[in-house]
S.K.: 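Sharing a structure here in structure tokens format.
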Amino acid sequence: MSEELRSVILFDTRTQQKRPFEPQQPGKVLMYVCGVTVYDLTHIGHARVFVFFDVVQRFFRHLGYDLNFVRNHTDVDDKILKRADEKGVDPLELSARYIEELDRDMQALGVERATSEPKVSEHIDDIIEMNKALVDKGHAYEVDGDVYYRVESFEEYGKLSRRKLDDMEAGRSGRVDETKQKEHPFDFALWKKSDDDQLGWDSPWGRGRPGWHIECSVMSTKYLGPTLDIHGGGRDLIFPHHENEIAQSEAASGEAPFANYWMHVGMVNVAEKSEDGEDIVRKMSKSLGNFWTTRDVLGGYHPEAIRYFMHTTLYRKPITYAVENLEEATRRVQYLYTALKRIDETLQRAEYDSDENLPPDSRLADGFTDLVEGFMDRYEAALADDFNTPNALALIAEVARAINEATESDSAPSDALAHTLVLLRKHLVDAGSVLGLLERDPKTALDEIRDLRLKTMELDPKVIDEKVAARVQAREDKDWERADELRDELAEMGVEIMDSQQGTTWRLK
RNA sequence: GGCGGCGUAGCCAAGUGGAAAGGCAAGGGCCUGCAAAGCCUUGAUUCACCGGUUCGAAUCCGGUCGCCGCCUCCA
């Protein structure tokens with residue numbers, strides 16, 4: 001059975017090339033993705049990673065793979081301690097709260113749950129065990145209650161990020177902690193001594209807490225074993241985070257490689273004005289203060305529009321966050337849902353629908369055979385090529401255009417056309433579901449988009465409805481001057497009028 | 001200083017050795033009282049620049065310019 005599954009090509013960061021994906025066990029995928037350190041709301045850079053791997057999850061399942069997907073929460077970390085201290089709250093309560101906030105945002109974005117979502121705080125014993133193993137094997141050493149990984153003990157250190165210890169300038173980024181007595185500047189903390197009033201657990205090295213990288217090695221190994229099929233995360237985790245995970249995991253287990261494929265998602269950039277008034281584009285980040293929280297973006301744009309926007313660029317490349325891009329994505333999502341709505345309206349005219357009263361199976365309407373019969377294969381091929389979502393969207397657009405073309409007429413469709421439309425609708429919805437798009441019924445989605453716009457534009461729908469009704473009356477009276485005047489007033493408010501045989505509807509620009 | 005990436009039509013963006021996807025914007029047409037929506041249609045002899053390999057390069061190699069990311073907070 002497993003040999004029948006469509007094969008997928010992945011770009012692997014370590015080898016810097018696309019390769020056919022060969023899971024260790026045919027048909028089964030072991031995937032680990034680094035989540036976030038939960039000390040604040042997520043921004044859309046985080047959301048991009050979640051949405052992308054959500055598509056990976058959905059697509060593998062769509063193809064019939066048995067996916068075991070682990071995505072962790074780093075709920076013990078110095079940034080959490082610092083934030084908790086500032087706010088005067090318990091660190092684990094703080095992180096628990098932000099896990100809830102994260103879940104809320106990701107649920108709103110339609111990100112499906114991973115198979116397991118483990119937390120650092122629940123794996124302290126496992127972390128201590130791995131630390132002991134690393135110390136025993138000579139890969140780590142204790143200094144005054146801290147435990148450090150001895151990077152020089154791992155010959156292949158740097159193999160993921162293609163850098164050599166000697167080539168790097170320690171402190172280039174101004175982040176190396178030089179106050180500690182480390183053997184090498186790049187040795188990193190596996191365990192940190194905690195003050196009496198700090199969060200900590202007892203260990204062979206005294207009371208302390210885990211360092212940053214160890215949790216992923218521990219949890220991935222615990223849930224998925226020593227060798228992952230796929231390990232993912234944001235590009236900025238390649239060094240040092242993932243490099244250090246490799247060093248820890250391979251040294252501790254004695255097995256290599258730690259992961260067969262490494263997938264890294266590009267950064268979300270922001271277009272800004274520099275102090276000199278120049279247009280610049282740079283990475284969105286907490287420390288630069290140029291970030292948009294997922295919460296904020298969800299307040300202004302439909303979840304599927306946000307996803308659509310993210311799918312317009314290959315996951316590996318940087319993407320620029322800009323309102324124009326979100327607005328264009330919103331219009332595209334509206335376009336797709338409108339196409340579905342047109343199908344439903346057309347089927348109704350023949351007293352069919354896409355669920356119960358199906359048109360009889362018949363030949364396909366002229367000119368649609370290739371599209372109907374070849375679509376899903378082409379669509380899957382696009383995504384199977386390292387998740388080429390831009391190409392996937394192009395194919396979706398092709399179907400939507402065909403649907404609009406086929407539903408131009410206001411008359412009842414023939415059985416052949418109705419049958420074709422039902423199949424095209426199914427294709428569109430099935431294709432959309434892999435990307436987390438078109439998951440609502442058309443009316444709900446279009447209403448949601450409209451309500452969001454009303455809210456952000458601070459418009460009262462009653463005022464709009466009244467003006468629209470007045471214009472309908474003016475049109476019935478053939479008072480074109482008055483009708484156009486009202487339409488101009490509405491247009492000024494940002495309201496678009498659409499007259500059709502079914503009546504007048506409106507939407508927001 | 002080291003490592004890596006990017007530079008394709010006005011804008012966004014696929015393609016990475018064999019006839020330049022798709023979207024937005026713009027022009028023309030159909031439809032419409034007029035519009036909007038929708039549909040049809042027009043657009044890169046050319047892929048930052050220079051040189052090379054090849055029967056053939058946006059795609060490979062060398063160089064130049066510009067931009068970006070990472071070098072222990074980072075998704």
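Just so we're on the same page: letters track the sequence lines, and every chain starts at 1.
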S.K.: Under the salt bridge (Lys or Arg N to Asp or Glu O under 4.0 Å) rule, collect the residues that match up with R471(A), sequence neighbours excluded.
M.R.: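 Listed in chain order: D499(A).
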S.K.: Quick one: salt bridge (Lys or Arg N to Asp or Glu O under 4.0 Å) partners of R482(A), sequence neighbours excluded?
M.R.: E485(A)
S.K.: Using a 4.0 Å heavy-atom cut-off to protein, can you give one letter per nucleotide of nucleotides 27-36 of chain B, 5' to 3': B if the base is in contact, S if only the sugar-phosphate is, - if neither?
M.R.: ------BBBB
S.K.: Mind checking if R163(A) touches a base, just sugar-phosphate, or nothing, with heavy atoms under 4.0 Å?
M.R.: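 Base, at least one base atom sits under 4.0 Å.
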S.K.: Can you name the side chain to side chain contact (heavy atoms under 4.5 Å, CB included) partners of T389(A), sequence neighbours left out?
M.R.: H311(A), L383(A), L435(A)
S.K.: Apply ring-ring contact (aromatic ring centres under 6.0 Å, His included) to W506(A) and list each qualifying residue two or more places apart in sequence or on a separate chain.
M.R.: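 With neighbours one apart ignored, the set is empty.
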S.K.: On RNA chain B, does the nearest nucleotide to E169(A) precede the nearest nucleotide to H241(A) from the 5' side, or the other way round? Give the residue.
M.R.: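 That would be E169(A).
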S.K.: Hey, what are the protein-to-nucleotides 12-14 of chain B N/O distances that come in under 3.5 Å?
M.R.:
residue, atom, partner, partner atom, Å
A14(B), OP1, L314(A), N, 2.7
A14(B), O3', N388(A), ND2, 3.0
A14(B), O2', N391(A), OD1, 2.6
A14(B), O2', N391(A), ND2, 2.9

S.K.: Would you say the side chains of Y98(A) and D75(A) form a donor-acceptor pair under 3.5 Å?
M.R.: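 No - no donor-acceptor pair under 3.5 Å links their side chains.
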S.K.: Extract all donor-acceptor atom pairs below 3.5 Å that involve side chains of residues 324-331 of chain A and protein atoms in other chains or at least two apart in sequence.
M.R.:
residue, atom, partner, partner atom, Å
N325(A), ND2, T320(A), O, 3.1
T330(A), OG1, L326(A), O, 2.7

S.K.: Taking salt bridge (Lys or Arg N to Asp or Glu O under 4.0 Å) as the definition, give me every residue that meets it alongside R163(A), ordered by chain and number, with sequence neighbours left out.
M.R.: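 Testing R163(A) for salt bridge (Lys or Arg N to Asp or Glu O under 4.0 Å), a comparison that skips the adjacent residues, returns none.
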S.K.: Are any of Y335(A)'s side-chain N or O atoms less than 4.0 Å away from OP1 or OP2 of G22(B)?
M.R.: no
S.K.: So which pairs with a foot in residues 381-407 of chain A pass ring-ring contact (aromatic ring centres under 6.0 Å, His included), sequence neighbours left out?
M.R.: F52(A)-F387(A), F59(A)-F387(A)
S.K.: So which of residues 393-401 of chain A are in contact with RNA chain B, with a heavy-atom cut-off of under 4.0 Å?
M.R.: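 Nucleic-acid contacts, sorted: A394(A), R401(A).
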S.K.: Determine the contact category for G266(A): base if any of its heavy atoms lies under 4.0 Å from a base atom, sugar-phosphate if only primed atoms, P, OP1 or OP2 are that close, otherwise nothing.
M.R.: base
S.K.: Would you classify E324(A) as touching base, sugar-phosphate or nothing, given that sugar-phosphate means primed atoms plus P, OP1 and OP2, and contacts are heavy atoms under 4.0 Å?
M.R.: nothing
S.K.: Please list, by residue number, the residues of residues 36-48 of chain A whose heavy atoms come closer than 4.0 Å to an atom of RNA chain B; answer none if no residue qualifies.
M.R.: V36(A), H43(A), G45(A), H46(A)
S.K.: With sequence neighbours left out, what residues match E405(A) under salt bridge (Lys or Arg N to Asp or Glu O under 4.0 Å)?
M.R.: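 Partners of E405(A) under the salt bridge (Lys or Arg N to Asp or Glu O under 4.0 Å) test: none.
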